Every structure is written in structure tokens, then in C-alpha cells.
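Accompanying notes for the structure given below.
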Amino acid sequence: MTNTKTQETIDELDALTDVEDHLQFAANIIEREEIYTALKSEIDFQINQIQKRRGDPNLYLAVIGEFSSGKSTFINALLRDDLLKTSVLPTTAAATKLRYGSCLQVEVQLGGIRPGIVKTRVDSQQITVPWLPGVDGIDNREFIHVLTAKDEVAKDVKQLTITHPAPFLANSIVIIDTPGTNATSALHGEVTRKVIANEADVAIIIIPATIPLSQSLASFLGDALRLFLHRCVFVVTRMDQIRQREQSDMLNNLRSRLVEQLSIEPPILYSCSAQVVMDDITGAEPIPPELLVWKERFEQLEKLLINRLCRERLLAISENVLRLLTRLFEQLEGSLRSHWENYQHRQEAIEREIIPDLALFTAEQQLLCQRMLDDAISTTIAKSGQCVEKYRDKTISKIYNAIFNAEDLQALENVVKNEAESILKTAQDELQQELQNKIKKISQAAIAASREFDSKFVEVYSRLQTLGGGFEIQKTMHDGVQLNTSDVFTSMQSLQEQMDTKDGFVAVGGIATGIAIGTAILPVVGTVIGGLVGFIVSGGIMGASLEKRKQQLWDKLGPSLDSHFNSVKGKTQDEIQTYARSVSNFLKQHINQYMAQYKATVEGISQVQETELQRLINLQTTMQADLQEIDRRRKSLSAKQQRLAAIEGK
């Protein structure tokens, strides 16, 4: 068992490494919200593994070697028992642990089609597992041979633990027999690497003297175990098979190759012959006197391994802590860099996508929309004037012809009382319909201008939305606009009232789209002609002929009709201008509304960025302090590791 002096050394080394303080520091770091969940899990797992290792008093000795290298023979020699079956073929990919126990006992975890755990009883002499080939009434030793050397069973072994009463194991030592390193399956090498990285305090690299450092072994050590070679002891076995005069040259050559190929300087080499030890135990072969020296050297090697394990245990734990702190340092540094890069990329994107001069952009869009609207307004005014003139000429011509085509006084009276009104009513309906179609051009131009603006706005805003914009674009001037042309022909007084109260504008979809045009055609005609009817009937022009009466009637009515149509033309154009101004104002309001929302969105994004910037500044301050503390701890731990390496035990 580990003696008191050795335990005191372990306690001193433990205090020297400050492991608990480092682990607590790492645990505090990963509790912060800015640490990624994946990193929290990774670091927390490492902390638990280190804590678990610190609480485990055992010393773990891994044995590494290629198949047919003498690895099993070496372990049997440590146990002083021909326990493990030697094999030249790859078998289990699981590591086998041998720990101290008062008697031989086996516990195996199996996978495959019948997964589970099989544990032999202490008093068990006959073991039977129906679903395992060859396990029918066998003892513990035979069971171990089946599990480690029978391929059809060994391939399903996930974990194997053997308790054994060997005095070597009684020193709280656990031997870990790793899979052969020259297996074709990459899983074998990975299992070995994990054992050395996470469990072993010391690893023995078995090198047969007959094949000193094969290329496959050198490649495995250089690739998978390079970080852990300082915790490896190189044991050259089968020295009894090398002539004595050649042994020194062989060992020197091996040292040179270890330096050259693996950069190990100086490499620690121990030479032995495990087979001589086993022959002495079994008595199967007589040992020549000149080989008995290898029995003594093996006993010395055992003592060296025990002392090395006591010292390396704390070094291994210290290295795990150092790796943890290094990983934490890298991740914190990477996390901080990632946060800043994300912020800077977002800031660049915002600066790239935001309209640089919002007022200028707004003015430009309003000007473009107004130009589209102005073209429609000027065209509509010109065509509406032409339309009124056309109906004036047409209407006056019809009334004139009706008057001068009257054949008698009664027919003339009928023209004045009935036919003229009918002509005017027809003209009114036709003029109303044509003016309505022409005035629609203004609404259509307004809608087109709105759509043109919306398309430009959507193009600009859609890029902003990807950066955090938050409002939907409302198509307030699109389809569904209607033109209200009821009561186009009303009295001048009614027109003025409607202009004052704006009853002539109907809001549809957010824009004024109606127009009321007031005229006084019918009232004037009724007044003028009504008076003339009485004049004609009463014979107001005594003795006048029918033709003269027609002329007198036209002389009174013609100028009134002409004047009145001119008034209709003027008022129509005035109303179009009034309507156009309302449409123009709405377009400006429409653009301003979106620009205000755009500005609010930009301000919101900027505020988020300002908040994020302040958070990053605070985070940077905290992380920089953490990084400095981690770096201090790493340097301190490295220095203490050098101190630990110099301690050989007290």
C-alpha cells in the first residue's frame, strides 16, 4: 500500500497545484450568460472529470503496445500470474482494467445483440452465459481468455474490469491494458488515446527488443500521443533474446530514434525480460544463470514504476487543469472576438443599407411623384376645357337649330318649354360622363406615382428589415380607388358651399378621389327661356313675324348660353386644380408617413446597436479581466508543473 511518506508527498503536490482554486474559478466563469451552452457543457464535463480523478486515490498505469509485442506477458509478470492470454490478432477494442481484490473476479459490459453486464461471483467456480460462445461451465480464468482473445466475443466487449490479489496492485495501482496500436480499426487507437489523456497517470510503451520502434508504433506515438509523451515510460522487453554484446548498441540506437522521430529528449528507457519472470513463476522453462539478472531488474522496475506513479498522478491532474484553463482561455477569447465581429458586421450593414440623407431622399421622391401628377393634371385641364367647348358648341348648335327650325309660334313655344331643356339635359349627362373619364386620369396618375414610390421604398426598406426593421408596408393608394362624379352639374351656389365644406371629396383608400363641378346651366336656361316664353305668348313684340321672334329669342338666349358654358369651363378647371392640390398633398403625406416610420425604425435599430455596444464594452472589460486572470493562472500552473517534475519524492 502507499506508505505515509508517499501520501505526504501527494498532499504537498496537491496543495502546490491549487487545483481546487482553479476548478472553482473555471466553474464561476462558465456560469456567465455570455458563455455558449456548448462550452458550458464541455468545461463542466472536464471539471467533473478532474474532480472525479482527484477524489480517486488509485494510481493508473496504462500499458501500450502493438499486437505480439509482449504487452500481455509484461502485465502477467507484474501480476505474477499467467492470467492474460497472448494473441497475435486484434481482439477487443475496449481497455481492460486490472485492480486489486482479495480474489479473482470479472465484471464485463457487453454490447452487440445481447447488451448488458455480466459479473462473476467471488465463490463462482463454474460460469455459464448461454448467449456467449464458449462460456459454458468455465472458470474465471477461462472466462477472461474468452473475453480478451476469442474474437466473436471480444468484439462486443465495451468495458472489462478484473480484480486480482497481486501485490503490485495492492499499492492502489490500476493497470489499464489498452487495445493494440497497430489494429486496422481506428477505434483501437482512439480508445488508447482517450485512456492516456483522461485516465492514465503514467503510460508504459512496450517496445520489443527484436523490433525496436516499428514505423507503425512511431507514427501512432507521434500522432495520437504526442501531447502525452512526457508521461510515458519506454520499456524494452525481450532483452533475453538479444546477445549481451549487442544490447548496449541496440538501446543507444533506440534512444537516437526516439529523439529523431519523436523529439523526446532525453528519452527514459528501461530494459527487461518479462518472459524470464514468467518462466520463473511457472517453472515451465529452466532459467539459465546468466538470465537471472532480468528477474532482479524487473523487481527494480516495479519499484521505479510505483514511485513514478505517485509523482505523475498530480502532474496528470495538473496538466488536465492546464488544458481546461487553456481551452477556457481560447473559448473566451474566441467568444469575445465573435461578439465584436458580429457587432461590427451588423454596424457595417446598417451603415450600408440606411438612406444616408433621409430628407433629400424624401424630397426627391416627392418631386418625382409630383412630376408624374403634374403631367396628368395639365393634360386633364386641357382636355376638360376642350370637352366643355365641344359640348358648348354642340349644345348651342342644337338649341339654335331647334329654335330656327320651328315652323310656327306653337312649335317655337315647345322648343323653349321642352326641347331646349331636353337638349341641355342630354348634354349634361354626356359631359358629366366624359369629364369623369378625364378626371380619372388624375387619380390613376396618383396611384401610379404612389406605386412607383412604394416600389422604391420597398427596395430600400426590405434591406433594412433584415437588420431589424419592424413595420409592414401599407398599400394605401393602390387598387380600388373610385371617382365620385355625382351632382357634377349643380348650381354655382351649391358648388361654393361644397368647396367650403369639402363635401365634394370622398376619401377612398386614404386619398381624396372625388370632384364636384358646379354649373348653372339649367337654372339660367329656365330663367331666360321662361321669361321669353311669356314674352312670345303675350306677343311682346307686337306685329313681329315668326322669324323675327326667333331672332329676338336667340339674341337674348345665345349670349347667356355662351357665357354660361365659359363659366362651366372655368369652374371645371378650378375644381380640377383644387382636387389636384388635395391629391398632391396626400401624396406628400403618404411619403412623409412612410419616411417617418422609416426614421423611427432606423432610430430603433440604432438604439439597439447603442445598447449592444455598451453591452459589448462591459463584456469586453469583464472578459479582458478574465483572460488576464486565466493567463496568470496558466503561467503559474506551468511554473508549478516544473516544480512538480523536479520532485522525486521525500
Side-chain angles (χ1 to χ4, degrees), residues 58 60-166 168-169 173-192 194-195 199 206 274-275 278 281-282 284:
N58 291 312
Y60 288 84
L61 175 66
V63 182
I64 300 171
E66 295 188 313
F67 294 104
S68 193
S69 65
K71 179 164 61 76
S72 297
T73 302
F74 180 81
I75 294 174
N76 286 340
L78 291 176
L79 300 176
R80 301 296 194 272
D81 187 353
D82 191 14
L83 180 68
L84 301 180
K85 191 175 183 64
T86 59
S87 174
V88 296
L89 298 175
T91 50
T92 176
T96 299
K97 292 182 180 179
L98 298 106
R99 60 178 66 244
Y100 182 77
S102 59
C103 61
L104 186 63
Q105 191 174 358
V106 180
E107 181 176 330
V108 60
Q109 180 181 348
L110 296 167
I113 61 174
R114 296 293 295 271
I117 296 176
V118 177
K119 184 175 182 180
T120 63
R121 295 192 304 272
V122 175
D123 59 350
S124 175
Q125 296 298 318
Q126 300 295 318
I127 303 169
T128 298
V129 182
W131 63 88
L132 289 180
V135 185
D136 185 11
I138 61 177
D139 61 20
N140 275 324
R141 291 177 177 275
E142 293 174 311
F143 189 37
I144 292 171
H145 293 170
V146 170
L147 294 173
T148 58
K150 195 176 183 64
D151 186 61
E152 56 185 320
V153 176
K155 64 182 178 60
D156 291 331
V157 173
K158 302 301 179 184
Q159 186 172 318
L160 176 60
T161 301
I162 302 171
T163 61
H164 191 282
F168 182 79
L169 298 179
I173 294 174
V174 176
I175 296 175
I176 307 176
D177 182 14
T178 62
T181 60
N182 55 341
T184 55
S185 172
L187 178 61
H188 287 229
E190 180 61 17
V191 169
T192 300
K194 288 183 177 180
V195 166
E199 296 185 73
I206 300 295
Q275 188 60 54
M278 293 307 300
I281 293 171
T282 62

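Because the structure is predicted, anything quoted here is derived from the model rather than measured.
With hydrogens and angles disregarded, a donor-acceptor distance shorter than 3.5 Å links the side chain of T128 to the backbone of G137. Side-chain atoms of T282 come within 3.5 Å of backbone N or O of M278 as a donor-acceptor pair. For T178 (side chain) and V63 (main-chain N/O), a donor-acceptor pair under 3.5 Å exists by modelled atom type. No donor-acceptor pair under 3.5 Å is formed between the side chain of H164 and the backbone N or O of S102. In this structure a side-chain-to-backbone donor-acceptor pair under 3.5 Å is missing from T161 to E107.
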inquiry  = Is there a side chain to side chain contact (heavy atoms under 4.5 Å, CB included) between L110 and I117? Walk through the geometry before answering.
reply    = CA-CA 6 Å; L110 296 167; I117 296 176; over 6 Å; no
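When all heavy atoms of V195 and A95 are compared, the closest pair comes out as CG2-CB, 4.0 Å. Here the closest heavy-atom approach between residue R99 and residue N58 is recorded as NH1-ND2, 3.4 Å. In plain terms, the two heavy atoms of P179 and A94 that are nearest each other are CG-O, 3.9 Å.
Look at E199 and K194 and you find no salt bridge, because none of the NZ, NE, NH1 or NH2 atoms lies under 4.0 Å from a carboxylate O.
In this structure, Q126 CD and D139 CG are separated by 7.0 Å, a value rounded to the nearest 0.5 Å. In this structure, the separation between CG on L78 and OG1 on T73 is 11.0 Å, given to the nearest 0.5 Å. Between atom CG of residue N140 and atom CZ of residue R121 there is a gap of 10.5 Å, rounded to the nearest 0.5 Å. Note that NZ of K119 and CD of Q105 are 5.5 Å apart. Values are rounded to the nearest 0.5 Å. Here the CZ-CG distance, from F74 to D177, works out to 11.5 Å after rounding to the nearest 0.5 Å. One distance of note links CG of L83 with CG of L104; it measures 6.0 Å at 0.5 Å rounding.
A side chain to side chain contact (heavy atoms under 4.5 Å, CB included) with I75 holds for exactly one of L84, I206, I176; it is L84. A side chain to side chain contact (heavy atoms under 4.5 Å, CB included) with K150 is found for exactly one of T148, V153, L147, namely V153.
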